[in-house]
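Below: the structure, in structure tokens.
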Amino acid sequence: MYTKEQHYQIDNVLEYIEINLDQSLSLEQLAKVSTYSPYHFQRLFKGIVGETPANYVKRLRLENAAHFLIYEHRIPITQIALMCGFSSLSYFTATFQANFQMSPKKWREGGYLERFPREYEDDSKKSKQSRKMEKELQDQEEYNKFQWLNLEKVKIVELPAFSAVKRQSVGPYTEGVPNAWEEIHRFANARDLVSEATFMYGIPKNNPYITPPGKSRYDCLLSVNDPDKLTLEQERIYHFRGGKHAVYEFEEPVDYRERNRLIECYSELYSFWLPKSGYKYLANPVELVEVEPIPGTLSLRCKIKSIALAIEPK
């Protein structure tokens, strides 16, 4: 059983890794961030996260590279390797091949479709030239021709920065996330921290088609206006940076169990809206969430009102 303080310190390390993934991340360096000795840190990290620091860093680098290869076609493979913290193209290629059973080049050219929804699998058998022609035709169509989103409704919004309490769900996004929202909402509501001005933002840390479901992480952030009220309870305060985001608001909020649909929506933002927008994305997507009581019960209903990408000009 691990203490709340130990969880906080490992959480600090996870945030540090995410921000500095393109840098050298030695065991000694990460242990220093955690405030523990390298030996104690390694044991603690594996016990809480479920894998060693070295394996976690390598997996995260590979998954980020896999994501860039799909959605950033203009970035050369060598540059993606360096962006994700690999020391050389040859090492990146060998590691990628061992993890995904195909080369980065094959992945980029459509091999990733083997992991994506069934309706896309037929496309993976088409030639590269055929896919290129279809892409050119798609680019000429209006945004509202796509499957899920009317991309003309994407808005550029400045999301506010705020202090927040957090709960993290580890596992499939379709299962544990609503429970994490219920926990944090009840915690905050019992302390009169929930009001009409409260922000509830979910941050999916992984692409479920790339990361194994059991290792997917999802942060539930609930804003607090007066974080000093929580210091005596040793509730760690997190900070959402805010900033410019591309936001798509659903006409009807989406249930967490519809994760396949949400991934398709993200794909349309990344693949169709982003290249034409003049922006590049900066970090994990953000989901604006509503939590409401279910009438006649003690349960809560959690749904996603909007999805957003942090952006800046190219």
Pair Trp107-Ile77, side-chain contact (heavy atoms from CB on, under 4.5 Å): steps then yes or no: CA-CA 11 Å; Trp107 176 274; Ile77 292 176; over 6 Å; no
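- At least one side-chain heavy atom of Ser163 sits under 4.5 Å from a side-chain heavy atom of Ile237.
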Steps toward side-chain contact (heavy atoms from CB on, under 4.5 Å) verdict (Leu149, Glu264): CA-CA 9 Å; Leu149 303 184; Glu264 292 304 304; over 6 Å; no
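- Between the side chains of Asp219 and Tyr238, no donor N or O sits under 3.5 Å from an acceptor N or O.
- Cluster membership for Ile210 and Leu309, using ILVMFWY side-chain heavy atoms within less than 4.5 angstrom, is shared.
- Annotation for Leu25: hydrophobic cluster partners, listed by chain and number, are Tyr2, Ile10, Val13, Leu14, Tyr16, Ile17, Leu21, Leu27, Leu30, Val33, Tyr36, Phe41, Leu44, Phe45, Ile48, Val49, Tyr56, Val57, Leu60 (ILVMFWY side-chain heavy atoms under 4.5 Å, direct or chained).
- Atom NZ of Lys166 sits about 13.5 Å away from atom CG of Leu222, to the nearest 0.5 Å.
- Taking the six-membered ring for Trp and the full ring otherwise, His67 and Tyr266 have centroids separated by 6.0 Å or more.
- For the pair Arg191 and Phe187, the cation-pi test (distance below 6.0 Å, angle within 45°) is passed.
- Pairing each heavy atom of Leu221 with each of Ala164, the nearest pair is CB-CB, 4.1 Å.
- Looking only at distances, no side-chain donor or acceptor of Thr93 sits under 3.5 Å from a matching main-chain atom of Ser90.
- At most 12 non-hydrogen atoms from other residues, nucleotides or ligands lie less than 6.0 angstrom from CG of Leu298.
- Nearest approach of Pro53 to Gln42, heavy atoms of both residues: CD-OE1, 3.6 Å.
- Applying the salt bridge (charged side-chain N to carboxylate O under 4.0 Å, His left out) test to Glu292 and every residue at least two apart in sequence or in another chain returns nothing.
- When the side chains of ILVMFWY residues are joined at heavy-atom separations under 4.5 Å, either directly or via intervening members, Ile156 and Phe250 end up in a single hydrophobic cluster.
- Looking at Arg186 and Glu182, a side-chain N of the basic residue comes within less than 4.0 Å of a carboxylate O on the acidic one, giving a salt bridge.
- Within the 3.5 Å criterion, the main-chain N or O of Pro208 finds no donor-acceptor partner in the side chain of Asn206.
- One distance of note links CZ of Arg257 with NZ of Lys303; it measures 8.0 Å at 0.5 Å rounding.
- Side-chain atoms of Trp181 never come within 3.5 Å of backbone atoms of Cys220 as a donor-acceptor pair (strictly under, hydrogens ignored).
- In this structure, Leu82 shares a hydrophobic cluster with no other residue, the cluster being traced through Ile, Leu, Val, Met, Phe, Trp and Tyr side chains under 4.5 angstrom apart.
- Side-chain contact check for Lys32 versus Ser26: every heavy-atom pair is 4.5 Å or farther apart.
- Considering only heavy atoms from C-beta on, Tyr248 stays 4.5 Å or farther from Cys265 through its side chain.
- The two residues Pro204 and Pro285 come nearest to each other via the heavy atoms CD-O, 3.5 Å.
- For the side chain to side chain contact (heavy atoms under 4.5 Å, CB included) test, residues two or more places apart in sequence or in another chain that qualify with Glu258 are Val254, Asp255, Arg261.
- Taking each heavy atom of Ala308 and Val247 in turn, the nearest pair found is CB-CG2, 3.8 Å.
- Not one N or O on the side chain of Glu72 forms a donor-acceptor pair closer than 3.5 Å with the backbone of Ile70.
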Audit row: Asn20, Gln29, side-chain contact (heavy atoms from CB on, under 4.5 Å) steps and yes/no: CA-CA 11 Å; Asn20 297 282; Gln29 184 179 0; over 6 Å; no
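- Residues Asn179 and Arg167 fail the side-chain proximity criterion, which asks for heavy atoms closer than 4.5 Å.
- The heavy-atom pair separating Gly202 from Val289 by the smallest distance is N-CG2, 4.0 Å.
- Annotation: the span from Glu175 atom CD to Arg259 atom CZ amounts to 12.5 Å, rounded to 0.5 Å.
- Looking at every heavy atom in both residues, Cys302 comes nearest to Tyr256 through O-CD1, 3.7 Å.
- Using a 30° and 60° split on the angle between ring planes, Phe199 and Tyr201 fall in the tilted class, from 30° to 60°.
- Salt bridge status for Glu312 with Lys280: present, with a side-chain N to carboxylate O gap under 4.0 Å.
- Counting only N and O atoms by type, the side chains of Tyr218 and Asn284 include no donor and acceptor under 3.5 Å apart.
- For the pair Pro275/Arg74, a side-chain contact is recorded, criterion being any heavy-atom separation below 4.5 Å from C-beta on.
- A donor-acceptor contact shorter than 3.5 Å links the side chain of Gln6 to the backbone of Thr3.
- One finds the CD atom of Gln97 at 12.0 Å from the CG atom of Leu62 (value rounded to the nearest 0.5 Å).
- Distance alone, capped at 3.5 Å, is enough to place a donor-acceptor pair between the Tyr173 side chain and the Arg217 backbone.
- Residues Leu151 and Leu269 form a side-chain contact, since some pair of their non-hydrogen atoms from C-beta on lies under 4.5 Å apart.
- To the nearest 0.5 Å, atoms CD1 (Ile304) and CD (Glu249) are separated by 13.5 Å.
- For Asp22, the side chain to side chain contact (heavy atoms under 4.5 Å, CB included) test picks out no residue, with sequence neighbours left out.
- Shown here is Lys58, whose NZ atom has no more than 12 heavy atoms of other residues, nucleotides or ligands within 6.0 Å.
- Contact of the Arg241 side chain with the Leu282 side chain is not registered, since no non-hydrogen atoms from C-beta on lie closer than 4.5 Å.
- Side-chain contact between Phe96 and Ser103 is absent, with no heavy-atom pair separated by less than 4.5 Å.
- Distance check, rounded to the nearest 0.5 Å: OG of Ser267 to CG of Leu262 gives 11.0 Å.
- A salt bridge links Arg236 with Glu15; the closest basic N to acidic carboxylate O contact falls under 4.0 Å.
- Between Phe86 and Phe92, the ring planes are tilted. Angles from 30° to 60° get that label.
- Classification of the Phe240-Phe162 ring pair by plane angle, with boundaries at 30° and 60°, yields parallel.
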Residues Tyr209, Ile263; criterion side-chain contact (heavy atoms from CB on, under 4.5 Å); working and verdict: CA-CA 9 Å; Tyr209 290 148; Ile263 294 174; 3.4 Å; yes
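- When hydrophobic clusters are built by joining Ile, Leu, Val, Met, Phe, Trp and Tyr residues whose side-chain heavy atoms come closer than 4.5 Å, directly or via intermediates, Tyr270 is grouped together with Phe68.
- Within 6.0 Å of CD on Glu158 lie more than 12 heavy atoms contributed by other residues, nucleotides or ligands.
- A search for side chain to side chain contact (heavy atoms under 4.5 Å, CB included) contacts involving Ser299 returns Ile294, Thr297, not counting sequence neighbours.
- Residues Ile75 and Phe100 fall within the same hydrophobic cluster, defined by Ile, Leu, Val, Met, Phe, Trp and Tyr side chains chained together at heavy-atom separations under 4.5 Å.
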